[in-house]
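Below is one structure, written out as structure tokens; the observations come after it.
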Amino acid sequence: MIRVVLADDQALIRSGIRALLDAEDDIEVVAEAADGEEAVERAVAHRPDIVLMDVQMPELDGIEATRRIADDERLAGVHVVMLTNYGLDEYVFNALRAGASGFVVKDTEPADLLQALRVTVRGDALLSPAVTRQLISEFVARPADVLPAADLDQLTNREREVVALVAHGLSNDEIAERMVLSPMTAKTHVSRAMTKLGARDRAQLVVFAYQSGLVAPRSVRE
């Protein structure tokens, strides 16, 4: 059962999403929140698999709420998926930097939202290769306040190569093909790199790769 905390300041949106999620046999909404403070409190109280988090909310916005959840050791198993009205905007990348596992646009198809939650619980970032490349192209090269660069010295050369390919938006299967590995071996390298760097998922791995200088934005655009 995928346990979800739903955070949005609009009651109508919450009720609509809740009705969709509760109709699924493998998804349960365990709590709702109308602002960021409540979202953090509900996450601590219920330890859900996912917090489906609106970006713009009163009291505490979704980005800061995400940062607090990501920084709380008690919530290490909680994934945050951001809800946004605008697709790839500045809020999205700031949310990924804060620790979000991915994002969905509010006007997405219901089936896509359900799939997004299932993908996230499996530990995959909710960023397709195409979206990853677009995100990098639009935001990574911009000057911004960022988290401290990840220390990549602890990675093996093979793990560095894998992280670079993840940052370029390649899936595990594509990494396996590029490096002439089995998909399972590629997945293992990705998982080990995430563990060593303290990354919750592939989204954070992408952020770390660029913050550390392992990959330069121009190498994606070329």
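Basis for what follows: all heavy atoms, side chains included, without hydrogens, waters or symmetry-related copies.
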**Prompt:** Does any N or O in the side chain of Asp54 come within less than 3.5 Å of the main-chain N or O of Met57, such that one atom is a donor and the other an acceptor?
**Reply:** no

**Asked** Any side-chain heavy-atom pair from Met194 and Val190 closer than 4.5 angstrom?
**Response** yes

**Closest heavy-atom pair and its distance - Ala116, Val104** = CB-CG1, 3.7 Å

**Prompt:** So Glu177 and Asp173, side-chain contact (heavy atoms from CB on, under 4.5 Å) or not? Walk me through it.
**Reply:** CA-CA 6 Å; Glu177 182 177 357; Asp173 288 344; over 6 Å; no

**From Ile27 atom CD1 to Arg18 atom CZ, the distance as rounded to the nearest 0.5 Å** = 13.0 Å

**Message:** Any non-hydrogen side-chain atom of Arg118 less than 4.5 Å from a side-chain atom of Asp26?
**Reply:** yes

**Message:** I need the minimum non-hydrogen distance between Arg68 and Val40, along with the two atoms involved.
**Reply:** CB-CG2, 4.2 Å

**pair Ser101-Thr120: side-chain heavy atoms closer than 4.5 Å** = yes

**CE/Met184: more than 12 non-hydrogen atoms of other groups inside 6.0 Å** = no

**Prompt:** Are Val80 and Ile50 close enough that some pair of their side-chain heavy atoms sits under 4.5 Å apart?
**Reply:** no

**Message:** When you compare the side chains of Ser191 and Thr188, does any donor N or O come within less than 3.5 Å of an acceptor on the partner?
**Reply:** no

**Prompt:** Okay, side chain of Gln154, backbone of Lys196: is any donor-acceptor separation there less than 3.5 Å?
**Reply:** yes

**Request:** Would you confirm whether Asp49, through its side chain, and Arg3, through its main-chain N or O, come within 3.5 Å as a donor-acceptor pair?
**Result:** yes

**Message:** Could you measure the distance from the OG atom of Ser15 to the CD atom of Glu32? Nearest 0.5 Å is fine.
**Reply:** 8.0 Å

**Closest non-hydrogen atom pair, Arg14 against Asp8** = NH1-O, 2.6 Å

**Message:** Nearest 0.5 Å, please: how far is CG in Leu21 from CG in Leu114?
**Reply:** 6.5 Å

**Message:** Counting C-beta onward and ignoring hydrogens, is there a side-chain heavy-atom pair between Val4 and Pro48 closer than 4.5 Å?
**Reply:** no

**Fill in**
Nearest heavy-atom contact between Gly99 and Thr66 is C-CG2, 3.9 Å

**Asked** Do any N or O atoms from the side chain of Asp9 and from the backbone of Pro58 form a donor-acceptor pair under 3.5 angstrom?
**Response** no

**For Ile69 against Ala39, the heavy-atom pair lying closest together** = CD1-O, 4.5 Å

**Message:** If you compare all heavy atoms of Leu155 against all heavy atoms of Glu159, which two are closest, and at what distance to 0.1 Å?
**Reply:** CA-OE1, 3.5 Å

**Prompt:** Can you check whether Val162 reaches Met179 side chain to side chain, under 4.5 Å on heavy atoms?
**Reply:** yes

**Request:** Please determine which of Ile13, Val55, Thr84 meets the side-chain contact (heavy atoms from CB on, under 4.5 Å) test together with Lys106.
**Result:** Ile13

**Prompt:** Atom CG in Leu165, atom NE2 in His189: separation rounded to 0.5 Å?
**Reply:** 11.0 Å

**Fill in**
Here the gap from Glu41 atom CD to His46 atom NE2, rounded to the nearest 0.5 Å, amounts to 10.5 Å

**Item:** Heavy-atom check, side chain of Val78 versus side chain of Val5, under 4.5 Å
**Value:** no

**Prompt:** Measuring from Met53:CE to Leu6:CG, what's the distance to the nearest 0.5 Å?
**Reply:** 10.5 Å

**Message:** Tell me whether the count of non-hydrogen atoms from other residues, nucleotides or ligands lying under 6.0 Å of CD in Glu28 goes above 12.
**Reply:** yes

**Asked** Do Leu52 and Leu113 come within less than 4.5 Å of each other through their side chains, counting heavy atoms only?
**Response** yes

**Message:** Any salt bridge linking Glu161 with Arg178? Criterion: basic side-chain nitrogen under 4.0 Å from a carboxylate oxygen.
**Reply:** no

